[in-house]
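What you see is a predicted model; the values in this text were computed from it and never measured. To find a chain, count down the sequence lines: A is the first, B the second, and so on, and within it residues start at 1.
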Amino acid sequence: MQSNFSRSSVLPHTPSISASPRYAFIDFLDLGRAETISQEIANLTEDAAQDQETEESREIGYIQGTVVGLRYYSGVVNRGEMVSLVREPQNPYDRNAVVVANVYGSQVGHIRKELAAAVAYIMDNKLARVEGIVPYGETNKFSMPVNLSFLGKEENREAVHNHMRRHGFRLGTDLKGGNAQTSFGRDPLGSSSQISAIPLTAEELKNAFDKLFDDLMEDKTREMEPAEAVCTPLLPHQKQALSWMTSRENSSDLPPFWEQKGGLYFNVLTNFAVKERPEKVLGGILADDMGLGKTLTTIALIVSNFHNGKPLPLEKCGESSEPSTSRKKSASKGKGGEISEEVVESSPLKRSHVDGGSADTVEKDADKDLPRKKAKTKKKTSKKSANTKEVILLDDDDFATALECSSKQVMPPKKNVKKKSGADKGSPAGTRGSGARATLIVCPLSVLSNWLDQFEQHMRADVTLNVYLYYGAERNRSVSFLAGQDVVLTTYNVLSSDFGNKASSPLHKVNWLRVVLDEGHVVRNPSALQSKAVLELQSERRWILSGTPIQNSLKDLYMLLSFLKLKPFDVKEWWSRIIQRPVTMGDRVGLQNLQALVKGITLRRTKTSKVNGRTVVQLPNRSVFVQHVTLSEEEKEEYEQVKTEGRNIIDRYFQEGSVMTNYADVLAILVRLRQYCCHHSLVGKYTGGADPVTPSELRERLINKITLVLNSGSDEECAICLDSLRQPVITYCAHVFCRPCICEVIRSEKEQAKCPLCRAQIKTKELVEYPEEEVETGSVTGEKWRSSSKVDALMNNLLKLRNEDPTVKSLVVSQFTKFLDILEVPLREYGFAFTRLDGTMTQKARVKAIQDLQDSSPGSPTIMLLSLKAGGVGLNLTTASRVFLMDPAWNPAAEDQCVDRCHRLGQSRDVVITKFIVKDSVEENMVKIQKKKQELVAKAFGTKNPPDRKQAKLQEVKQQFEF
DNA sequence: ACCGCCGGGTGCC
DNA sequence: ACCGCCGGGTGCC
């Protein structure tokens, strides 16, 4: 029996206080899961959206209606199938028309006009969302019943009911408070079990969620040897991953939740059936922990599974028809921007072949089995300059056919061609031997060089794998060139900037064999340009590599499923209805489905996972020490001064209720305090103050603010794409975004465009750019040098360490690049050799910095100055075994990630981490708040902050600023 | 639709 | 018959 729980007991809803600016400020400091404050803001706005969604998802009424006109449409539904209702105001017969569509988006019919007339108003005015389920009558020829649920805010309940009543419809209401899915029509088959009616508690949910990605390796223990071309022996868990990935790519199984029934394909979750076989999902998520070798495994996959577990045919270096010249060519094509020619040239593997070269290969192979193909290949060769899609498809088809022949899998080539050229962007997958050859790897800039290194390191020297680095101003944009590579490597930024310039995005014109998203969790906001760019890629197989596939919300997974094209979850409505809403409501069946879903497409091992009874990776110990630093009297005095100054300003904002609008200033104050803890000369001039009067004053003020944000060294992120700021601009309301991101927002919202952070009106022409050349560095070193307590503490450690063991290498990590500048002075003074890696460096310089550190000859650098986020993940710094974290980060995960760069596979020494924390300062408070936050966060997932938590936070912040 | 509805044909029993 | 009744044509919005 359904228990009499009220929904609010399951889903604690946000108290209304969140509207007050004072509390909004408290939320600023909900830093438990944010790496930067602007990310925190993004989290907040996300939460706001989620609030709305959860509130709207309350069922406020239901009614049975009729779907009519079935015989005019091809869309079919099944008993109990969910359908979506879409307004069709442009319908020539009735502007109130409401279309009923099935999960695949095919129209089933219309809602009968009388009911449509009533419902249209409710939909148009967003009084409620309307969802439908067809309870029976699925075989009817002319009409069928549909159960409509109205989901909306409680405050709209009456308006909705009244409106419907005026049209002569009486909505039913489920007073028991069961959720929308179970109360009505959800389970017309009567199979609902009592278990599913008892919702999960927030804690159970959180636990289940934490375990969601645990131990996803049962039945995935078969091993596969990589192709010969891979020279690095794979560890057992890597062979398992290779085997699993290969089977995922060659699988002809139906995607998860699909079954074949009679002549139809049936989705057991939505009860949806189609005649056409659902598109295969070739690929998935490799979610191994950092350091387990996702990169190597992926390389092995690329080389070992071209088709059906057969290796990618590669030329032997010696047999190459055009020896050294081609490499030159690749270099000149690949150069430009910050990626140097040398990077490309330095690798013996990277030899981008020219069109003619590949044609030769094909002919050679094709000649053996299928001479008649030769003519065609010839024809194509003569046509190679014509750079049209059609030609490329034919090219690729020849490739494939040739290759298929060698593996005795001849397909009628004619048919293939037809299929291909007829296929628009719809379904390139599934057509075996469609000709796709190239794998596209998209990764953050920070790991680009790692990929290149690893290709070089793991590929046998005598084979040629064509890896093309699609990066830099001079990148080769020829579609046929790109399609002919074995691997194309690029970054999310290049991909989305190409995509943004609608004119042409070559990467979107290639039919890839495989697309790999490295650190795939970075695309998680579906509205960000880079997400759209990623979703539009055409590929047969798709992979996501990520150590943390879900960061803090179930919604992160939506983006991933959407990329994998896992029907029907790639459409938001179905994802929400089938998974997200049920799960957040504590529905057990929903959770089971989610678990099954994840299990079916994910492989994840942690460092503690066992293979054949042994842990996957045995890493040396790692220990963390916190060293408290006491400020000198002089420093203390100055610190208090900075603090009082800041407190007065924040206090004023509180009184004015303008904390939100002065976001940049609040950020600045916090940053200043943290900077002071490191070194006095980090602290810049405060630029806030009296209200600006003239536009030029405002402009100047904004330029100051954006400069401050960007130079604070905290590596601020764009709240829209959550990536590092690219072409940063500041709005009149003083929030900083990437120009492409905010322009996209303005473009899509038109005149109503609002700032995503404060909802102020924004316009494209009111965006202020960051003045490019204004880099005022080095000034620190000029004046008379004065140390700081923290600098002294570090130097003591380093000197002691050098005494004890001069071979030990250290990472010195700070969030403030300027602090790294400062640290260079005493390091030089004491004769330390060091390198440096920060976000402002070119790719080339980064590579050199890492190589220098790896050098073990006497006199080589023993220290790397590292900015916390510059390296990003994936960076391999195992030559270092000591880590000094100079200043605490808001998000402990960022610190962990940084430490993991040296505490990973390949580390031979025990790793010792020292964290410097200034006593009685903002830093100490940060650590305290962090800890509390972690405890609280551990309790609930997917639900919002309970009120007492907010209250607690209020106290903490009051403490922090001593209000 | 093995219905309802419309509109033309028809008209005692 | 300015009706009722019959039976054919017809059918989403």
Distance below 4.0 Å between A:K113 side-chain N/O and C:dC13 OP1 or OP2 = yes
ask   = Over how many whole Å does the gap from A:Q107 atom CD to C:dC13 atom C1' extend?
value = 9 Å
remark   = Between CZ of A:R112 and C1' of B:dA1 the distance, given in whole Å, is 12 Å
task = State which residues pass side chain to side chain donor-acceptor pair (under 3.5 Å) with A:Q260; sequence neighbours excluded, sorted by chain then number.
result = A:Y265
Whole-Å gap separating P (C:dC13) and CG (A:L115) = 11 Å
Residue of the set A:Q107, A:M82, A:E81 for which side chain to side chain contact (heavy atoms under 4.5 Å, CB included) holds with A:N102 = A:E81
Length of the line joining A:R95:CZ and C:dC13:C1', which is rounded to integer Å = 13 Å
message = Once hydrogens and angles are ignored, does a donor-acceptor distance under 3.5 Å link the base of C:dC13 to the side chain of A:D94?
response = no
key: Whole-Å gap separating P (C:dG11) and NZ (A:K141)   = 16 Å
request  = Would you check if there is a donor-acceptor pair between the side chains of A:Q64 and A:N147 at a distance under 3.5 Å?
outcome  = yes
task = Just name whichever nucleotide pairs with B:dC2, Watson-Crick or G-U, keeping both distances under 3.5 Å, else none.
result = none
ask   = Across the strands shown, which category fits A:I111 at heavy-atom distances under 4.0 angstrom: base, sugar-phosphate, nothing?
value = sugar-phosphate
task = Would you check if A:F142 stacks with the base of C:dG11, given a 5.5 Å centroid limit and a 30° plane limit, both strict?
result = no
task = Using the P atoms only, state how far B:dC5 lies from B:dA1, rounded to an integer number of Å.
result = 16 Å
request  = Measure from CD on A:E114 to C1' on C:dC12 and round the result to the nearest Å.
outcome  = 11 Å
Distance-only donor-acceptor pairs under 3.5 Å for side chains of residues 561-569 of chain A, two or more places apart:
residue, atom, partner, partner atom, Å
A:K565, NZ, A:L535, O, 2.9
A:K567, NZ, A:D570, OD2, 3.4

query = Using a distance-only test with no angle check, is there a side-chain donor-acceptor pair under 3.5 angstrom linking A:S149 and A:E59?
reply = yes
key: Rounded distance in Å - NE2 (A:H110) to P (C:dC12)   = 11 Å
Taking N or O atoms only and anything under 3.5 Å, show me the protein contacts with nucleotides 2-4 of chain B, one pair per line.
none

Ring-base stacking, A:Y93 with C:dC12 (5.5 Å, 30° cut-offs) = no
message = Is it the case that over 12 heavy atoms from other parts of the model lie below 6.0 angstrom from the CD atom of A:Q90?
response = yes
message = Between A:E536 and A:K532, does any NZ, NE, NH1 or NH2 come within less than 4.0 Å of an OD or OE carboxylate oxygen?
response = no
ask   = With a 4.0 Å cut-off on heavy atoms, is A:R71 in touch with a base, just the backbone sugar-phosphate, or nothing at all?
value = base
